[in-house]
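A short write-up of the structure that comes next.
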Amino acid sequence: MFDLNRLNPQQREAVTHTDGPLLLLAGAGSGKTRVITCRIVYLLQQCGVPAEQLLAVTFTNKAAREMRARVEEMVGRRAAKGMVIATFHALCVRLLKSHIERLGYKKNFSIYPAADQQRLIRDLLREEVADAGANDAEQVLWRISEAKNRLLTADNYQANSRDPLSCLVALVYPRYQKALKAFNAVDFDDLLLLGVHLLERHPELLQHYQQQFRYQMVDEYQDTNPVQYRLLKLLAGGHGNLCVVGDDDQSIYAWRGADIANILDFEKDFPGTRMIKLEQNYRSSGQILSAANAVIQHNRKRRDKALWTTAGEGSPVEYLLAEDDEDEARLVMERIHVERFRRQLNYGDFAVLYRTNSQSRAFEEQLRYENIPYVLIGGQQFFDRKEVKDVIAYLRVLVNPLDEVNLLRILNYPKRGIGETSVDKIIRYSADRSIALWSVLKEVSQVPELNERTSEAVNGFVGLLERYRKRFQQPLYLVETLRALLAELKLAEEIYRQEKDLTAARRRIENQDQVSNAMSAYLDREPQPSLAGFLEKVSLLDDERPGRNDKEKKLAADAVTLMSLHSSKGLEFPVVFLVGMEEGYLPHKKTIDETFDVDEERRLCYVGMTRAEKQLMLLGARQRRKYGKLEQREPSRFLSEIPETLLLRNKSGGTEQSTAEQQEQSASQFFSGISQLLEDS
């Protein structure tokens, strides 16, 4: 049993509150994960709540795994068995796997990733707009996703006559949903929307899950969108035992549909709410917190709170003004050298944060020039690579032959003599007779105008899939069956034919081999494995992908981290460089021009500042290159919101130092640090 006395008074109050709605305003670094975990343990051990009645919802699989591991460490795996800790999407998959037939789908539904969604949208668009491209499909899909997150179905989506894109969406959205259902597939947004529809349309199911999940906890509540809010509202109905944890000052995902009103209006939505503020920070020094508080207090709509610490004041926040973006990168490198010697830090203790990914270029070049190891967060994800998607497409079709997007992807890959003209004839025959494409392929001899060679190739393709569908029904031999499939398809030979660069070809083949490794890891974790279960994990995973350059694996290296402010949320580093502190970057020009919502940009700045533990350095440039020409820059308005007593500016004789003076000062600090280190040793 954990010791309540090891918690601060506010944390203890939060842990021991049991019944009724609870709002925990948890500031950055205030130990919110510890509080949620301890609250779960308290309900299990002190209140005797069965594990099956506990539901904890997070936004990432990584957070869910960590929370479960902490609980199991405190109470044991047996006591925690039956407790549901899941992301919103995984929770809804759980509901839909049991009851999706009530919504007119079959149980073996597919979950379409973004690439398959775009391909389907692109095909539908071409029927409406002859020259529609990938960019059009992406925009239409974004609007459809936005609509679903606002609980707008294809039936009640209203076009704006003054917005041509919304008119196009109104045409495509219903057809997109109809096609998905015909393929027995759903997209990621459907998981949530259909989960809500299931509970709204079937009161007996709603009552069942309300009783099953009698105590509910939600992390990062400030990031919820309308459909997530609706799901929680439904599940918490009847008992009202909903505990939400969040920080309105860290709400930075409005562009993804997050609605800050969900946390600001929580007490109105759930009468009788008890609110507890977690303001003691266990991460940053006093001066960093004071500067961050000074910035965020300028936001108009927020709940009043101020972070504080008992860890001491620490070093002052610094502002370094560079001549241009190249000079800004050089200043960062110099300070990394200085702080490494002065504080005896590793490269992995440093992070460079920026508003847009395009800002990373100068820092990458300078880091390479200085031979400093670094990691760049934000590369292409493993399961989004073409060679990997080709393998997954085969597996999806083996589970769900009605999945026509993936069926068409693999029909002639690798090439087996079924050309585009033949494929068009097969598709036309399928559409004209309203027959599923898979059924047409199985009876391909009925399709007129197909030559004998093409029919034989189709029959061979169908036979291959039928054979492997039977083989994949043996769960213990999934990996062996996959390797046999890859060998028979000769995908490696196809890659060597396509790829002129031998090194690139080998890398792509290694990526395909990693799918087998992923399946092997799935078998080790899953007590009742299946091919469908593996594909479900592939669709839902966001941190566990083998081969992916994800945050966990990258941050494990001793290397300087480069990442956007949005990616930095939830992380912490001893030394942080927050660069591009200029009007147009932070706050971003697009936000100022289009939405006028400076509050979210200020929250982004606040998030970046509170990532720093010991040292925070803010940087900007007098000028930057744009289209090859130097353009004058204005310092960010957020700098002026930090009191002069909290911000150490590089000034000399009342004016800001020149770059040469700054470099001279940095060099002096560098050699001074070395001298001090030698004296200490």
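All values derive from a computational prediction rather than experimental measurement. By convention here, the first residue in the shown sequence is residue 1.
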Margin query: Less than 4.5 Å apart, side chain to side chain, heavy atoms only: is that true for Asn281 and Ser30?
Written below: no
Residue pairs meeting side-chain hydrogen bond (donor to acceptor under 3.5 Å, both in side chains), one or both in residues 74-84, sequence neighbours left out, come to none
Given side chains that start at C-beta, do those of Asp249 and Arg302 come closer than 4.5 Å, heavy atoms only?
yes
*Examine distances only and state if a side-chain atom of Glu146 and a backbone atom of Gly257 form a donor-acceptor pair shorter than 3.5 Å.*
no
Give a yes or no answer on whether the side chain of Ser251 reaches the backbone of Asp248 with a donor-acceptor pair at less than 3.5 Å.
no
Closest non-hydrogen atoms of Ala14 and Val35, given as atom of the first, atom of the second and distance, are CB-CG1, 3.8 Å
- Is there side-chain contact between Glu536 and Val93, with heavy atoms separated by less than 4.5 Å? yes
task = Please report the C-alpha distance between Tyr157 and Ile144 in whole Å, then the side-chain angles of each, then the deciding distance to 0.1 Å, and finally whether the side-chain contact (heavy atoms from CB on, under 4.5 Å) criterion is met.
result = CA-CA 9 Å; Tyr157 181 87; Ile144 291 174; over 6 Å; no
**Message:** Using modelled atom types and a 3.5 Å cut-off, is there a donor and acceptor pairing between side-chain atoms of Glu583 and backbone atoms of Arg637?
**Reply:** yes
(request) Taking only Lys NZ, Arg NE, NH1 and NH2, and the carboxylate oxygens of Asp or Glu, determine whether Glu339 and Arg342 approach each other closer than 4.0 Å. (result) yes
Inset, instruction - Step through it carefully: locate the ring centre of Phe638, locate the ring centre of Tyr606, and say whether they are under 6.0 Å apart. - result: no
State whether the side chain of Asn299 and the backbone N or O of Ile296 hold a donor-acceptor pair below 3.5 Å, judged by distance alone.
no
Does the side chain of Arg343 reach to within under 4.5 Å of the side chain of Lys614, using non-hydrogen atoms? yes
- Task: Check the surroundings of atom NZ in Lys305: do more than 12 heavy atoms from other residues, nucleotides or ligands lie under 6.0 Å from it?
- Result: yes
Residues, nucleotides or ligands: over 12 heavy atoms within 6.0 Å of Arg94 CZ: no
- prompt: Does some side-chain heavy atom of Leu192 sit less than 4.5 Å from a side-chain heavy atom of Gln228?
  reply: yes
One should read off an interatomic distance between Leu235 CG and Leu206 CG, to the nearest 0.5 angstrom, of 7.0 Å
### CD/Glu52: more than 12 non-hydrogen atoms of other groups inside 6.0 Å
yes
Nearest heavy-atom approach of Leu565 to Val607 is O-CG1, 4.3 Å
_Quick check against the 3.5 Å criterion: does Tyr354 have a side-chain atom that pairs as donor or acceptor with the backbone of Ser360?_
no
| request: Keeping the roles fixed (side chain from Asp187, backbone from Asp190), state whether a donor-acceptor pair exists under 3.5 Å. | output: yes
How about Phe350 and Phe573: are their ring centroids closer than 6.0 Å? no
Discussion item. Can you tell me how the ring of His566 sits relative to the ring of Tyr253, calling it parallel under 30°, perpendicular over 60° and tilted otherwise?
Written reply: tilted
Quiz prompt | pair Leu25-Ile276: side-chain heavy atoms closer than 4.5 Å | solution = no
Fill in: Polar contact flag, side-chain donor to acceptor under 3.5 angstrom, Gln359-Thr356
yes
Contacts of Lys233 meeting salt bridge (charged side-chain N to carboxylate O under 4.0 Å, His left out) (sequence neighbours excluded), chain-then-number -> none
Heavy-atom check, side chain of Val352 versus side chain of Val560, under 4.5 Å
yes
Check your understanding: Any side-chain heavy atom of Gln53 within less than 4.5 Å of one from Gln212?
Key -> no
The reported gap from CD in Gln210 to CG in Leu205 (rounded to nearest 0.5 angstrom) is 11.0 Å
Does any N or O in the side chain of Gln11 come within less than 3.5 Å of the main-chain N or O of Leu278, such that one atom is a donor and the other an acceptor? no
Subject >> Charged N-O contact under 4.0 Å between Glu572 and Arg283 >> reply: yes
Hits for ring-ring contact (aromatic ring centres under 6.0 Å, His included) against His89, two or more places apart or cross-chain, chain-then-number order -> Phe188
How far apart are the C-alpha atoms of Tyr221 and Phe266, what are their side-chain angles, what is the distance that settles it, and do they pass the ring pair (Phe, Tyr, Trp, His ring centres under 6.0 Å) test? CA-CA 10 Å; Tyr221 187 69; Phe266 186 81; 5.6 Å; yes
Donor-acceptor contact present, side-chain Arg39 to main-chain His17, <3.5 Å: yes
